[in-house]
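All chains are named by letter (A, B, ...) in the order of the sequence lines, taking the proteins before the strands, and each is independently numbered beginning at 1.
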Amino acid sequence: MPELPEVETIARGVNERLRGDCIVEVWFSSYKEPFKTAPAKQADGLEGLVIQRVRRVGKHIVCDLGENVDGPSSGQWIVHLGMSGRLLVTTPEADVAPHTHARLTLASGREMRFVDPRRFGRLEFRVLAKSGAFTGPGAEPLTITADEFAALFRGRRLAIKAALLNQSLLHGVGNIYADESLFRAGIRPKRMAGRLKREELDRLRMALQQVLRQAIEQGGSSVSDYVDANGVRGFFQLEHRVYLRGGQPCLVCATPIRRIVVGGRGTHFCPVCQH
DNA sequence: CATTTCACCTGGTGGC
DNA sequence: TGCCACCAGGTGAAAT
């Protein structure tokens, strides 16, 4: 479910509700998939620490942890939601959804739960002294400069859509916002990244930042089942102009939106508005 | 090295 | 109703 705007919305929600709370007990499911760090190690690391801040890095939710809210951090809990992951703040009495893989009991009496039917998500505990702070694989789309953005694609022979999805270049962009930003910039998804003119790359960066900011304002896109930390759906899906609109008329020129596959992902574009 | 393809999972939808 | 093919917000390993 989650790309940058959805992850940002969830991280903000969890931060607002759980900043300063202490993790007193941790439960993990017996599935092995979600654990980048062994469950027992994660539980050892997490129990007793205070949540200082919850923030987004790329598509990762990073919880900074320490002895006190304001003191130095000693560890980080890093949640990647994969395709179907949810991170929820609940009461302990709330029904436990199927595919719940983690439950963190907090001193305030609430719980943070990780639910992930497809099990593509990942949970990791980092000891700061050992691994250093998590910075993510690539550049941040919302703060990257025009020069840095242009440099990412120089000499690259892959499709611009595939390049946008490459997290080690830019992190946080996924299938929805790649298609939506390319439409808004008027660029075809299969264009070779390294052949785009500087003016086109400038347009793409502006379109991408605008669409991401607007999506964050609207709480992200709920295509099927995405909800934020409070269980509330986003509504940026109402603003989608091409994503999952194959065969439907372009909202600008009424030409049917085309669906193709680029880099193994469903890709949607207008053959008239995009060049 | 850069790029492409596919496996990893469950669940929903639509055709027959 | 059942069965099947296909699709879905992502990534990383393997192949090219």
[atom1]-based separation of [M] from [N] [nearest Å]:
| N | M | atom1 | result |
| --- | --- | --- | --- |
| dA7(B) | dA5(C) | P | 15 Å |
| dG9(C) | dT3(B) | C1' | 23 Å |
| dC6(C) | dC6(B) | P | 14 Å |

With heavy atoms under 4.0 Å as the rule, sort [X] into base, sugar-phosphate or nothing.
| X | result |
| --- | --- |
| G174(A) | sugar-phosphate |
| R265(A) | base |
| S222(A) | base |
| Y177(A) | nothing |

Legend entry - Stems where DNA chain C pairs, listed by first number, each of three or more Watson-Crick or G-U pairs under 3.5 Å: B:2-8 with C:10-16, B:10-16 with C:2-8

Inset, instruction - Measure from the side-chain N and O atoms of Q274(A) to the backbone N and O of I187(A), and report whether any donor-acceptor pair falls under 3.5 Å. - result: yes

Inset, instruction - Return yes if some donor-acceptor pair links the side-chain N/O of T267(A) with the main-chain N/O of V261(A) below 3.5 Å, else return no. - result: no

Quick one: are [X] and [Y] in side-chain contact, heavy atoms under 4.5 Å?
| X | Y | value |
| --- | --- | --- |
| R56(A) | V62(A) | no |
| Q76(A) | L128(A) | yes |
| L123(A) | F28(A) | yes |

Between [N] atom [atom2] and [X] atom [atom1], what is the distance in whole Å?
| X | N | atom1 | atom2 | result |
| --- | --- | --- | --- | --- |
| N166(A) | dG12(C) | CG | C1' | 12 Å |
| K36(A) | dA13(C) | NZ | C1' | 14 Å |
| R118(A) | dC6(C) | CZ | C1' | 12 Å |
| Q218(A) | dG9(C) | CD | P | 20 Å |
| D116(A) | dG10(C) | CG | P | 13 Å |
| E3(A) | dA8(C) | CD | C1' | 12 Å |
| I61(A) | dG10(C) | CD1 | C1' | 14 Å |
| R86(A) | dA8(C) | CZ | C1' | 14 Å |

Inset, instruction - Tell me, please, the opening and closing nucleotides of DNA chain B, 5' to 3', among those with an atom under 4.0 angstrom from a non-hydrogen atom of chain A. - result: dT3(B) to dG11(B)

Inset, instruction - May I ask you to check whether Y31(A) and F35(A) place their ring centres under 6.0 Å from each other? - result: no

Inset, instruction - Could you tell me whether R86(A) sits above the aromatic face of F114(A), with NZ or CZ closer than 6.0 angstrom to the six-membered ring centre and within 45 degrees of the axis? - result: no

Inset, instruction - Kindly point out which of dT11(C), dA8(C), dG9(C) is positioned nearest to the side chain of Y226(A)? - result: dG9(C)

Is any side-chain N or O of [X] closer than 4.0 Å to OP1 or OP2 of [N]?
| X | N | answer |
| --- | --- | --- |
| K59(A) | dG10(C) | yes |
| H80(A) | dG10(C) | no |
| Q167(A) | dT11(C) | yes |

Legend entry - Side chains of S73(A) and Q52(A), donor plus acceptor under 3.5 Å: yes

Legend entry - NZ/NE/NH1/NH2 to OD/OE distance under 4.0 Å, K197(A) and D202(A): no

Inset, instruction - Work out which heavy atom in F269(A) is nearest to a heavy atom in P271(A); give both atom names and the distance. - result: O-CD, 3.6 Å

